[in-house]
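What follows is a set of notes on a single structure, which appears directly below.
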Amino acid sequence: LDHARVTRATALTGLGRYDDALDTLDPITSNSTAIREASHGRALVKTLMADTKLRSARTQEGKQEAADLYTKALLSYRKVVELWPDFEVARHDYLNAYIPAIWLKNYYIDVTKLANALVKDFPKSGRAYYLRARVFKEVDETAALKDLKASVQLDPYREEPYLLVVQLLRNTGRNKEAKLVIDKGLRSLPDSSRLKQALCETYVSFGYHHKNTQNLELAGESAARARDLIPDSPAAWQLTA
C-alpha cells in the first residue's frame, strides 16, 4: 500500500497538486519499505513548491521567503542522499535542484563538489555528465562540452544535452557544428519538437550570416529550410521578408 501511495504522489506531483502529494506521503513511516522513495518524494515536492513560489514572487520580501523555503527543501534532499548515497535518481534530482540556488553560501564550491561526486559515483550515467556540464558551462565551456559529449554517448535519447551543446556552440558562432549535433539528436529523437525548433533557429542564424555577406540566394535557402521545419516561425518569416 505504501508503494502505491508513492506512485499516487508521483502522479499528483506531475499534475501540480503538491499539497495532495504531501498528504498522500504523510502516512509512510520509517518502518515502511517505501520510506526511501517517500523521503525523496517529499523533498522533491517541497523543492517544487518553493520553486513555484520563487518564480511568482514580485517583492523582495516574497523572493526572500521563497528562497528560505527552497533552502529548507534542499536540506531535506541532503538528508535523503546522505542516508542513501547509492540512490541514483535522488542524487541526480538533488544536484538538479541545487544548481539554481545561487544565493547559498559557498555555492560555487559546493555545487562543483556535488557535480564531481555524482559523475565519480555514477560514471555510466548520461544525466550525471549533463548535470555537471550545467555546472561547468559558465566557467569552463570546454569541460562542459566534453561532459555533454559523454552524456549523449551514454544516453542518446535525452533532449537536454543536445540542446545545451547547441546553445554553447551557437553562442560562439559555431553554427555548422551546432547543426551536426542537432542532426545527431534527431536521428535518436525524430519527433522532438525542441530539437526541430533548435534546428530552425540554426537555419535562421545561417540565413542572417549569408544576408550580411550579401549572399541573398543562400540566405533565402536557409529561410526556406527554417520554414519547412517550423511553418509558423516568426524568425524564419522575418528573415524571408
Can you pull out every ring-ring contact (aromatic ring centres under 6.0 Å, His included) where at least one residue sits in residues 127-179? Sequence neighbours excluded, please.
none

Of all the heavy-atom pairs spanning A198 and R170, show the shortest one and how long it is.
O-NH1, 4.2 Å

Report yes if some heavy atom in the side chain of R132 is under 4.5 Å from a heavy atom in the side chain of L118; otherwise report no.
no

Using modelled atom types and a 3.5 Å cut-off, is there a donor and acceptor pairing between side-chain atoms of N171 and backbone atoms of Q167?
yes

Polar side chain donor-acceptor pair, T71 to W103, under 3.5 angstrom:
yes

Is there a side chain to side chain contact (heavy atoms under 4.5 Å, CB included) between D2 and T33? Walk through the geometry before answering.
CA-CA 8 Å; D2 282 347; T33 57; over 6 Å; no

Side chain to side chain, N116 and K120, heavy atoms closer than 4.5 Å:
no

Hits for ring-ring contact (aromatic ring centres under 6.0 Å, His included) against Y18, two or more places apart or cross-chain, chain-then-number order -> none

Contact check, side chains of S151 and R158, non-hydrogen atoms, under 4.5 Å
no

Do H209 and N175 have side-chain atoms, one donor and one acceptor, less than 3.5 Å apart?
no

Evaluation steps, side chain to side chain contact (heavy atoms under 4.5 Å, CB included), between V165 and L169
CA-CA 6 Å; V165 172; L169 291 174; 3.7 Å; yes

Does L104 reach the side chain of D110, with side-chain heavy atoms less than 4.5 Å apart?
no

Enter the distance from D93:CG to T47:OG1 here, rounded to the nearest 0.5 Å.
9.0 Å

Look at the rings of Y77 and Y94 and say which category their plane angle falls in: under 30° parallel, 30 to 60° tilted, over 60° perpendicular.
tilted

Cationic N near anionic O, under 4.0 Å, D228 to R225
no

When clusters are formed by joining ILVMFWY residues with side-chain heavy atoms under 4.5 Å apart, either directly or through shared neighbours, do I109 and V111 land in the same one?
no

Check this for me: does any side-chain nitrogen of one of D183 and K179 sit under 4.0 Å from a carboxylate oxygen of the other?
yes

Might you work through the side chain to side chain contact (heavy atoms under 4.5 Å, CB included) test for L22 and M49, ending with a clear yes or no?
CA-CA 11 Å; L22 288 176; M49 291 174 78; 3.7 Å; yes

Do L199 and L195 make a side-chain contact, defined as non-hydrogen atoms from C-beta onward lying under 4.5 Å apart?
no

Inter-residue atom distance R227.CZ - I230.CD1, 0.5 Å rounding
13.0 Å

For E82, is the CD atom crowded, meaning more than 12 foreign heavy atoms sit under 6.0 Å from it?
yes

Should L69 and L74 be regarded as members of a common hydrophobic cluster, given that ILVMFWY residues are connected when their side-chain heavy atoms come within less than 4.5 Å of each other, either directly or indirectly?
no

Which atom pair, heavy atoms only, marks the closest approach of V135 to A115?
CG2-CB, 4.0 Å

Whether the Q197 and E201 side chains hold a donor-acceptor pair (N or O, under 3.5 Å, no angle test) is what I'd like checked.
yes

Heavy-atom pair of closest approach, residues P156 and S188
O-CB, 3.2 Å

Closest non-hydrogen atom pair between P100 and Y107, with its separation
N-OH, 4.4 Å

Quick one, W84 with S39, criterion side chain to side chain contact (heavy atoms under 4.5 Å, CB included). Give me CA distance, side-chain angles, the key distance, then yes/no.
CA-CA 10 Å; W84 299 284; S39 299; 3.9 Å; yes

Is the shortest side-chain N to carboxylate O distance from D155 to R127 below 4.0 Å?
no

Heavy-atom side-chain contact between L168 and T172 under 4.5 Å:
no

Could you tell me if the side chain of K72 sits less than 4.5 Å from the side chain of K46, heavy atoms only?
no

When rounded to the nearest 0.5 Å, the distance separating CG of L15 from OG1 of T10 is 11.0 Å

Looking at F122, is R91 sitting on its ring face, NZ or CZ under 6.0 Å from the six-membered ring centre and within 45 degrees of the normal?
no

Are V166 and L163 packed together at the side-chain level, in the sense that at least one heavy-atom pair is separated by less than 4.5 angstrom?
no

So, does W237 use its side chain to make a donor-acceptor pair with the main chain of P231 at under 3.5 Å?
yes

Single-linkage hydrophobic cluster L164~L154, side-chain heavy atoms < 4.5 angstrom
no

If the threshold is 4.0 Å, N to carboxylate O, is there a salt bridge linking E141 and K137?
no

